[in-house]
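A short write-up of the structure that comes next.
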Amino acid sequence: MEKTSFLSEVKLINLPKIEDPRGNLSFLEEFSHVPFKINRTYWIFDVPGGQVRGGHSFRQQEEFIIAISGSFDVVVDDGKEKKIYSLNRSYYGLFIPAGIWRQMENFSTNSVAVVVSSTTFSSEDYIRDYEEFLKFKNSQ
Ligand code: TYD
């Protein structure tokens with residue numbers, strides 16, 4: 001069953017931050033800091049200046065995106081409105097439910113995006129065509 005979502009369901013989630021003079025520590029656990037079972041983690045790194053990643057939506061996948069180093073913007077779109085979240089700290093991230101179009105841009109030099117996902121990789125889960133995304137949203 002495909003799921004649709006609204007921008008109001010996209011949430012910034014703070015992670016624990018254990019401050020220490022030796023260096024700070026943060027972490028996340030499934031069902032607790034991220035509201036789903038974790039099936040995969042991937043990361044995006046060495047992004048050349050001006051490049052854009054991830055212009056697509058997912059049918060099932062829920063995800064949590066962290067700027068583990070540096071900064072970038074995540075543009076989210078539910079087919080009706082768009083919002084830009086600037087991520088620039090490793091102790092919070094952006095929860096994005098299924099059925100949201102999202103794009104990552106404005107990567108700083110040496111930034112690293114970590115994406116924690118509720119699903120293993122499936123190319124069939126992607127909606128890569130924006131018109132198809134709008135049709136999918138309007139059919140829900
Ligand atoms: P993709 O998610 O399409 O990146 P973007 O949306 O930023 O273009 O992934 C790029 C390629 O990497 C694509 O061929 C699929 C592959 N890939 C995997 O094999 N496993 C994964 O977990 C991910 C995220 C991508």
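Each ligand, and each atom within it, is numbered from 1 in the order the structure gives. No experiment lies behind these values; they were computed from the predicted model shown.
- For the residue pair Tyr130 and Gly79, the shortest heavy atom distance occurs at OH-CA, 4.4 Å.
- Annotation: Tyr126 is in aromatic contact with Phe58 [ring centroid separation under 6.0 Å].
- The presence of a protein heavy atom under 4.0 Å from atom 6 (O) of ligand 1 is confirmed.
- The protein non-hydrogen atom at the shortest distance from atom 25 (C) of ligand 1 is Phe121 CE1, 3.7 Å.
- For atom 10 (C) of ligand 1, a protein non-hydrogen atom is found at a distance below 4.0 Å.
- With hydrogens and angles ignored, the 3.5 Å screen pairs no side-chain donor or acceptor of Asp73 with any backbone N or O of Ile84.
- Nearest protein heavy-atom neighbour of atom 3 (O) of ligand 1: Arg128 NH2, 2.5 Å.
- Shortest contact from atom 2 (O) of ligand 1 to any protein heavy atom: Tyr126 OH, 2.5 Å.
- Residue Met104 places every heavy atom at 4.0 Å or more from ligand 1.
- Atom OG1 of Thr119 sits about 8.5 Å away from atom CD of Gln60, to the nearest 0.5 Å.
- When each atom of ligand 1 is checked for a heavy atom of Tyr42 under 4.0 Å away, the hits are 24 (C).
- By the definition of a contact as any protein heavy atom under 4.0 Å away, atom 14 (O) of ligand 1 is not in contact.
- Remark: among candidates Arg53, Glu63, Arg40, Gln51, the nearest residue to atom 8 (O) of ligand 1 is Arg53, based on non-hydrogen atoms.
- A salt bridge is absent between Asp78 and Lys80: the closest approach of a Lys/Arg side-chain nitrogen to an acidic carboxylate oxygen does not fall below 4.0 angstrom.
- Judged purely by atom type and a 3.5 angstrom limit, Ser26 uses its side chain to pair as donor or acceptor with the backbone of Pro16.
- Between Glu132 and Arg59 a salt bridge is recorded (basic side-chain N to carboxylate O distance below 4.0 Å).
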